[in-house]
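First listed ligand is number 1; within each ligand, the first listed atom is number 1. The residues of the chain are indexed from 1 along the displayed sequence. Because the structure is a prediction, the values reported are computed rather than measured.
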Amino acid sequence: MSVFLNGRFTPDAEATISVFDRGFVFGDGVYELVPVYSRKPFRLDDHLRRLQASLDEIRLANPYAIDEWRELILQLIALQDFADQSVYIQVTRGVAPRDHPFPKGVSPTVFVFAQPLVTASAELKRTGVCAVTAVDNRWSRCNIKAISLLANILLRQQAVDVGCAETLLLREGWLTEGAASNIFVVKNGVLLAPPPSNLILTGITYDVVLELAAAHGIPHEVRAISEAEVRSADELWMTSSTREIMAIVTLDGVAVGAGVPGPLAQRMDALYQTFKQQVMRA
Ligand code: PDD
């Protein structure tokens with residue numbers, strides 16, 4: 001597999017970094033994950049804008065201009081022998097002796113690789129998935145797509161430990177997001193989404209879902225959602241670049257609505273798939 005590391009394309013086995021990379025030692029870096037369908041990156045410019053926002057938040061200068069990013073990502077995509085890819089981009093604060101303050105005169109480490117994109121099977125879409133809830137005990141800068149994901153990993157594992165797909169996070173009685181996804185609620189035909197803030201990572205998929213809702217006249221509201229509303233939802237969905245739109249049919253062992261993927265989830269998934277096809281053809 002060819003990967004991109006610090007300005008060069010190289011086989012993954014030959015791509016090495018220093019043990020003093022601040023990404024390795026401190027988790028001092030940010031990332032993006034871009035889905036690629038038939039070698040066409042989906043919403044690449046939005047992902048690159050969010051990467052810029054994350055870099056700004058951690059006060060790390062962007063090593064590349066947007067055109068340079070676009071070019072190197074397209075080259076990496078072309079080098080793979082599979083067409084549907086998930087492209088992972090990571091930028092860390094580079095290599096320096098271990099000390100907390102920002103090192104001076106150090107170049108960031110840039111690592112980009114592609115893996116085969118595995119989206120939900122038709123069977124999983126038909127059945128939906130189960131989820132659990134947990135207190136959102138992460139820090140208060142969740143809008144940064146930081147590589148230091150320890151809290152998210154521990155939270156997500158709580159779901160995996162009981163055979164579920166995702167952990168829904170509640171902060172002081174309000175829904176934030178999933179451990180690795182955004183969460184939507186449907187109640188009485190209205191699609192509800194928690195508002196962008198420092199307490200969630202606003203997904204690119206989240207934006208697309210709200211755009212599609214607006215374009216197709218689906219009633220929707222972006223507002224704070226209480227735990228009680230989550231627990232009495234007609235439908236719950238999780239969304240992300242890899243999971244797309246996935247219905248949650250059981251929450252903490254209790255059926256969500258009818259306990260099967262709801263009509264709005266199925267409609268949104270169909271709209272999303274059509275939208276993807278259009279983007280691929282463009
Ligand atoms: N994560 N919130 C969190 C905490 C996430 O980790 C993700 C996605 C999202 C959804 O973002 P998007 O729709 O842009 O994928 C929201 C990716 C897929 C990951 O870490 O692998």
Legend entry - Ala179 contact mode with ligand 1 (heavy-atom cut-off under 4.0 Å): backbone
Legend entry - Side chain, backbone, both or neither: Leu149 near ligand 1, heavy atoms under 4.0 Å: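 It is neither; nothing of Leu149 touches ligand 1.
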[atom] - nearest protein heavy atom and its distance:
| atom | value |
| --- | --- |
| atom 18 (C) of ligand 1 | Thr242 OG1, 4.0 Å |
| atom 21 (O) of ligand 1 | Leu33 CD1, 3.6 Å |
| atom 9 (C) of ligand 1 | Ser181 CA, 3.7 Å |
| atom 10 (C) of ligand 1 | Asn182 OD1, 3.5 Å |
| atom 1 (N) of ligand 1 | Lys145 NZ, 3.3 Å |
| atom 11 (O) of ligand 1 | Gly203 CA, 3.4 Å |
| atom 13 (O) of ligand 1 | Thr205 OG1, 2.5 Å |
| atom 19 (C) of ligand 1 | Tyr31 OH, 3.7 Å |

Rounded to the nearest 0.5 Å, what separates atom [atom1] in [X] from atom [atom2] in [Y]?
| X | Y | atom1 | atom2 | value |
| --- | --- | --- | --- | --- |
| Leu210 | Glu221 | CG | CD | 11.5 Å |
| Leu76 | Ser2 | CG | OG | 7.5 Å |
| Thr176 | Leu169 | OG1 | CG | 4.5 Å |
| Cys142 | Asn152 | SG | CG | 7.0 Å |

Do ligand 1 and [X] have nitrogen or oxygen atoms that lie under 3.5 Å from each other?
| X | result |
| --- | --- |
| Ile204 | yes |
| Ser241 | yes |
| Arg138 | no |
| Arg50 | yes |

Inset, instruction - Using non-hydrogen atoms of the residue, decide whether Tyr88 is closer than 4.0 angstrom to ligand 1. - result: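 Tyr88: no contact with ligand 1 (<4.0 Å).
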Legend entry - Heavy atom of Arg243, distance to ligand 1 below 4.0 Å: no
Inset, instruction - Please report the C-alpha distance between Ser241 and Arg43 in whole Å, then the side-chain angles of each, then the deciding distance to 0.1 Å, and finally whether the side chain to side chain contact (heavy atoms under 4.5 Å, CB included) criterion is met. - result: CA-CA 10 Å; Ser241 295; Arg43 293 269 175 149; over 6 Å; no
Legend entry - Salt-bridge contact Arg231-Asp252 (side-chain N to carboxylate O under 4.0 Å):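 Yes.
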Legend entry - Test: Glu57 and Arg141 ion pair at under 4.0 Å: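 Here Glu57 pairs with Arg141 in a salt bridge, since their nearest N and O are under 4.0 Å apart.
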Inset, instruction - Decide whether Ser181 and Glu166 meet the rule of one side-chain donor and one side-chain acceptor closer than 3.5 Å. - result: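 Yes - a donor-acceptor pair under 3.5 Å links their side chains.
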Inset, instruction - Please identify which atoms of ligand 1 are closer than 4.0 Å to at least one heavy atom of Glu177. - result: 2 (N), 3 (C), 4 (C), 16 (C)
Inset, instruction - Within a distance under 4.0 Å of any heavy atom of Asn152, pick out the atoms of ligand 1 and give their elements. - result: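 Taking each heavy atom of Asn152 in turn, ligand 1 has 4 (C) under 4.0 Å.
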Inset, instruction - Using the six-membered ring wherever Trp is involved, compare the ring planes of Tyr88 and Phe113 and label them parallel, tilted or perpendicular (cut-offs 30° and 60°). - result: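 Tilted.
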Inset, instruction - Check the angle between the aromatic planes of Trp69 and Tyr64 and answer parallel, tilted or perpendicular using the 30° and 60° thresholds. - result: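 Correct class here is perpendicular.
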Inset, instruction - May I ask which of Ser86, Ala180, Ala146, Pro35 has a heavy atom nearer to atom 6 (O) of ligand 1 than the others do? - result: Ala180
Inset, instruction - Report whether Trp139 and Leu149 are members of the same hydrophobic cluster (ILVMFWY, side-chain heavy atoms less than 4.5 Å apart, transitive linking). - result: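 No, separate clusters.
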